[in-house]
K.L.:
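Starting off with a structure, shown below.
The basis for the numbers below is simple: all heavy atoms, side chains too, and nothing from hydrogens, waters or symmetry mates.
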Amino acid sequence: MRLMRIGQPGAERPVALREDGTHADLSGVLDPATAWSFEDLERARAALADAPTVDVEGERVGSPLPRPGIVVCIGLNYRDHAAETGAQVPSEPVLFLKMPSTVVGPFDDVLVPRGSEKTDYEVELGVVLGRRARYLETAEEGLAAVAGYVVSHDVSEREFQIERGGTWDKGKNCETFNPLGPWFVTADEVPDPTSLALRCWVDGELRQDGTTADMVFGVGELVHYLSRFMVLEPGDVINTGTPAGVALGQPDPKPYLRAGQVVECEIEGLGRMRQRMGAA
């Protein structure tokens, strides 16, 4: 099942794509503002055939998920990305958090922060939880807790992240720094999340061209690992890392983002997003 939310910010309504290409309005089935569990998704699946048809043409596409309770991010989780930045491949997952308020729609503007000189792009596979994950025993249990997947753009400001002291969080939590979408694709449609192509373009130039096969820690392993340190709830999102090709890893002068540029991110089977860079 493929779900999106359409409408203006704060007034989005959930819709699902049917096999015949029409869109089903699930407003009376899924709460557009509350995280969805496996039970919610099963109810939506059962209602799909009889739900009213809605025309989405011309509608704003919001994040396909209600605002998550938490966005957990994994750093240096691709071998080629670690190599391009001169970092060692980690022996355990590197964790940082993004505020849920950074989440915006897949075609919304992304704002370059005031004073920024090093805003960077990062296409990532977003993992969405369908049930509570607490002290899971195995990676298989971790994978079984995954409700689905989404394209995530983990926008970063590298000076704030690396050169301003402390943790990475200052470079990760600027407003609009986590577009999601366009689709939330349920896990049954993604039988192997370890073999998906990820790509990112800036002004039409291909910058990132990778595969989730290069991840150091796989999806189930990450959910299992995180459940040892925090309780994950339905609707929470895990950004699983980015492949090589980010501006940080390029020769000087590094091609960091500027207002007016256009970034597009795509993951095989999950869809494509597009953001114009604005100024905060």
K.L.:
Starting from the C-alpha separation in whole Å, work towards a yes-or-no answer on salt bridge (charged side-chain N to carboxylate O under 4.0 Å, His left out) for Arg276 and Glu264.
P.N.:
CA-CA 9 Å; Arg276 181 172 296 277; Glu264 296 171 276; over 6 Å; no

K.L.:
How about Asp209 and Leu206: do any of their side-chain heavy atoms sit closer than 4.5 Å?
P.N.:
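SC-SC contact between Asp209 and Leu206 confirmed.
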
K.L.:
Would Val61 and Phe107 count as a side-chain contact (heavy atoms from CB on, under 4.5 Å) if you check the C-alpha gap in whole Å, the side-chain angles of each, and the deciding distance to 0.1 Å?
P.N.:
CA-CA 7 Å; Val61 179; Phe107 307 110; 3.9 Å; yes

K.L.:
Group every Ile, Leu, Val, Met, Phe, Trp and Tyr by side-chain heavy-atom contacts under 4.5 Å, then state whether Trp183 and Val146 land in the same group.
P.N.:
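In one cluster: yes.
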
K.L.:
Give, for atom CG of Asp214 and atom OG of Ser195, the distance between the pair rounded to the nearest 0.5 Å.
P.N.:
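That separation rounds to 13.0 Å.
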
K.L.:
Where is the tightest heavy-atom contact between Glu157 and Lys118, given as atom of each residue plus distance?
P.N.:
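Between these two residues, the closest heavy atoms are OE2-N, 2.9 Å.
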
K.L.:
Does the Glu189 side chain pair with the main chain of Thr186, one donor and one acceptor, at a distance under 3.5 Å?
P.N.:
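Judged by distance alone, no pair lies under 3.5 Å.
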
K.L.:
Evaluate side-chain contact (heavy atoms from CB on, under 4.5 Å) for Val263 paired with Met277, printing each intermediate quantity in order.
P.N.:
CA-CA 8 Å; Val263 180; Met277 304 302 296; 4.1 Å; yes

K.L.:
Go through the side-chain N and O atoms of Ser152 and Asn178 and say whether any donor and acceptor fall under 3.5 Å apart.
P.N.:
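Judged by distance alone, the side chains do pair up.
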
K.L.:
Any carboxylate oxygen within less than 4.0 angstrom of a Lys/Arg side-chain nitrogen, looking at Glu122 and Lys172?
P.N.:
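Looking at Lys172 together with Glu122, the answer is yes, because their closest N to O distance falls below 4.0 Å.
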
K.L.:
Looking at every heavy atom in both Ser63 and Val104, which two are closest together, and how far apart are they?
P.N.:
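Scanning both residues completely, I find the closest heavy atoms to be CB-O, 3.8 Å.
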
K.L.:
Once rounded to the nearest 0.5 Å, what's the spacing between atom CD of Glu221 and atom OG1 of Thr194?
P.N.:
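OG1 of Thr194 is found 12.0 Å from CD of Glu221.
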
K.L.:
Indicate yes or no: at least one non-hydrogen side-chain atom of Ile74 is less than 4.5 angstrom from one of Val94.
P.N.:
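They are not in contact (no side-chain heavy atoms under 4.5 Å apart), so the answer is no.
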
K.L.:
To the closest 0.5 Å, what do you measure between CG (Asp154) and CG (Leu125)?
P.N.:
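Separation between the atoms: 12.5 Å.
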
K.L.:
Once rounded to the nearest 0.5 Å, what's the spacing between atom CD of Glu124 and atom CD1 of Ile238?
P.N.:
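Taking CD in Glu124 and CD1 in Ile238, the distance rounds to 12.0 Å.
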
K.L.:
So, Arg67 and Ser101: side-chain donor and acceptor under 3.5 Å apart, yes or no?
P.N.:
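There is no such pair between these side chains.
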
K.L.:
Please confirm whether the backbone N or O of Val262 pairs with a side-chain atom of Asp203, one donor and one acceptor, at under 3.5 Å?
P.N.:
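Such a contact is found between Asp203 side chain and Val262 backbone.
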
K.L.:
Going from CD1 on Ile267 to CG on Leu196, what distance comes out if it is rounded to the nearest 0.5 angstrom?
P.N.:
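One gets 7.0 Å once the value is rounded to the nearest 0.5 Å.
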
K.L.:
Mind checking whether Trp168 and Lys170 have side chains closer than 4.5 Å, heavy atoms only?
P.N.:
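Not touching, per the 4.5 Å side-chain cut-off.
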
K.L.:
Treat each ILVMFWY residue as a node, draw an edge where side-chain heavy atoms are under 4.5 Å apart, and state whether Val123 and Leu248 are in one component.
P.N.:
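Different clusters: Val123 never reaches Leu248 through Ile, Leu, Val, Met, Phe, Trp or Tyr contacts under 4.5 Å.
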
K.L.:
Do Leu143 and Leu270 share a hydrophobic cluster, counting only Ile, Leu, Val, Met, Phe, Trp and Tyr and linking them when any side-chain heavy atoms are less than 4.5 Å apart?
P.N.:
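Same cluster: Leu143 reaches Leu270 through Ile, Leu, Val, Met, Phe, Trp or Tyr contacts under 4.5 Å.
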
K.L.:
For a quick test of reading the model, state the closest non-hydrogen atom pair linking Gln88 to Leu76 and the distance between them.
P.N.:
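Heavy atoms of Gln88 and Leu76 come nearest at O-CD1, 4.4 Å.
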
K.L.:
Start with the C-alpha distance between Thr242 and Gln208, add both sets of side-chain angles, then the distance that settles side-chain hydrogen bond (donor to acceptor under 3.5 Å, both in side chains), and finish with yes or no.
P.N.:
CA-CA 9 Å; Thr242 196; Gln208 293 182 274; 2.7 Å; yes

K.L.:
Hey, is CZ on Arg132 packed in by over 12 heavy atoms from elsewhere, all under 6.0 Å?
P.N.:
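Counting neighbours around CZ of Arg132, 12 or fewer heavy atoms of other residues, nucleotides or ligands fall under 6.0 Å, so no.
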
K.L.:
Flag the pair Pro255 / Gln250 as yes when at least one side-chain heavy-atom distance between them is below 4.5 Å, and no otherwise.
P.N.:
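Heavy-atom side-chain distance check passes, below 4.5 Å.
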
K.L.:
Locate the shortest heavy-atom distance separating Phe177 from Leu111; write the atom from each residue and the value.
P.N.:
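Reported closest heavy-atom pair: CE1-O, 3.5 Å.
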
K.L.:
Could you tell me whether the side chain of Pro179 reaches within less than 4.5 Å of the side chain of Val110, counting heavy atoms only?
P.N.:
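In contact.
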
K.L.:
Please work out which of the three classes, parallel, tilted or perpendicular, describes the rings of Trp36 and Phe184, given edges at 30° and 60°.
P.N.:
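If you compare the ring of Phe184 with that of Trp36, the planes turn out tilted.
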
K.L.:
When hydrophobic residues are tied together by side-chain contacts of less than 4.5 Å, even through go-betweens, does Trp201 share a cluster with Leu257?
P.N.:
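No, separate clusters.
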
K.L.:
Measure from the side-chain N and O atoms of Tyr121 to the backbone N and O of Ala247, and report whether any donor-acceptor pair falls under 3.5 Å.
P.N.:
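Flag set: sc Tyr121 to bb Ala247 pair under 3.5 Å.
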
K.L.:
Can you see whether Glu92 engages Tyr225 through a side-chain donor-acceptor pair at a distance of less than 3.5 angstrom?
P.N.:
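Glu92 vs Tyr225: donor-acceptor pair found between side chains.
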
K.L.:
Can you tell me if Asp120 and Ser156 form a side-chain donor-acceptor pair at under 3.5 Å?
P.N.:
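There is no such pair between these side chains.
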
K.L.:
Will you find, in the side chains of Arg158 and Gln161, an N or O donor that is under 3.5 Å from an N or O acceptor?
P.N.:
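Result is yes, a qualifying pair exists.
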
K.L.:
Heavy-atom distance under 4.5 Å between the side chains of Asp236 and Val72, does that happen here?
P.N.:
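The answer is no; the side chains never approach within 4.5 Å.
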
K.L.:
Spell out, as yes or no, whether a donor-acceptor pair under 3.5 Å connects the side chain of Arg79 to the backbone of Met215.
P.N.:
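Such a contact is found between Arg79 side chain and Met215 backbone.
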
K.L.:
Determine whether Arg45 and Asp188 satisfy the following criterion, side-chain contact (heavy atoms from CB on, under 4.5 Å), listing intermediate values before the conclusion.
P.N.:
CA-CA 12 Å; Arg45 196 186 304 274; Asp188 59 294; 3.5 Å; yes

K.L.:
After noting the C-alpha distance and the side-chain angles of Ser116 and Glu159, does the key distance pass the side-chain hydrogen bond (donor to acceptor under 3.5 Å, both in side chains) rule?
P.N.:
CA-CA 8 Å; Ser116 169; Glu159 180 194 0; over 6 Å; no

K.L.:
Using a strict threshold of under 4.0 Å (side-chain N to carboxylate O), is an ion pair present between Arg18 and Asp20?
P.N.:
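The answer is no: the pair does not qualify as a salt bridge.
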
K.L.:
If you group Ile, Leu, Val, Met, Phe, Trp and Tyr by side-chain heavy-atom gaps below 4.5 Å, do Val128 and Val219 land in one group?
P.N.:
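Per the 4.5 Å side-chain linkage, Val128 and Val219 are not co-clustered.
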
K.L.:
Let me see the working for Gln275 and His153 under side-chain hydrogen bond (donor to acceptor under 3.5 Å, both in side chains), right down to the final yes or no.
P.N.:
CA-CA 10 Å; Gln275 296 98 40; His153 186 187; 2.8 Å; yes

K.L.:
Would you say the side-chain atoms of Glu268 pair up with the backbone N or O of Ala197, donor to acceptor, closer than 3.5 Å?
P.N.:
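Indeed, once roles are kept as given, a pair shorter than 3.5 Å links the two residues.
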
K.L.:
So for atom CZ, which belongs to Arg43, do other residues, nucleotides or ligands contribute more than 12 heavy atoms lying within a distance under 6.0 Å?
P.N.:
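Yes.
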
K.L.:
Any donor-acceptor pair under 3.5 Å linking the side chain of Glu141 with the backbone of Glu137?
P.N.:
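It does hold such a pair.
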
K.L.:
Nearest 0.5 Å, please: how far is NZ in Lys98 from CG in Asn173?
P.N.:
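If we round to the nearest 0.5 Å, Asn173:CG and Lys98:NZ are 7.0 Å apart.
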
K.L.:
Mind checking whether Glu175 and Thr102 have side chains closer than 4.5 Å, heavy atoms only?
P.N.:
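No. Closest side-chain heavy atoms not under 4.5 Å.
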
K.L.:
Would you check if the side chain of Glu233 reaches a backbone N or O of Val231 as a donor-acceptor pair within less than 3.5 Å?
P.N.:
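Checking the backbone N and O of Val231 against the side chain of Glu233, no donor-acceptor pair under 3.5 Å is found.
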
K.L.:
Run the side-chain contact (heavy atoms from CB on, under 4.5 Å) check on Val71 and Cys73 step by step: do they pass?
P.N.:
CA-CA 6 Å; Val71 180; Cys73 304; 4.1 Å; yes

K.L.:
Please find the pair of heavy atoms, one from Pro106 and one from Gly181, that lie closest to each other, and give the distance.
P.N.:
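Answer, listing the atom of Pro106 first, then Gly181: CB-C, 3.8 Å.
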
K.L.:
Is it the case that the side chain of Tyr78 and the backbone of Ala213 share a donor-acceptor pair, with hydrogens and angles ignored and the cut-off at 3.5 Å?
P.N.:
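Answer holds: no.
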
K.L.:
Are Pro66 and Asp31 packed together at the side-chain level, in the sense that at least one heavy-atom pair is separated by less than 4.5 angstrom?
P.N.:
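A side-chain contact is absent here, since even the closest heavy-atom pair is not under 4.5 Å.
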
K.L.:
If you compare all heavy atoms of Ser227 against all heavy atoms of Leu136, which two are closest, and at what distance to 0.1 Å?
P.N.:
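Looking at all heavy atoms of both residues, the closest pair is OG-N, 2.9 Å.
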
K.L.:
Please check: side-chain N/O of Arg207 versus main-chain N/O of Arg199, any donor-acceptor pairing under 3.5 Å?
P.N.:
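Side chain of Arg207 to backbone of Arg199: no pair is present.
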
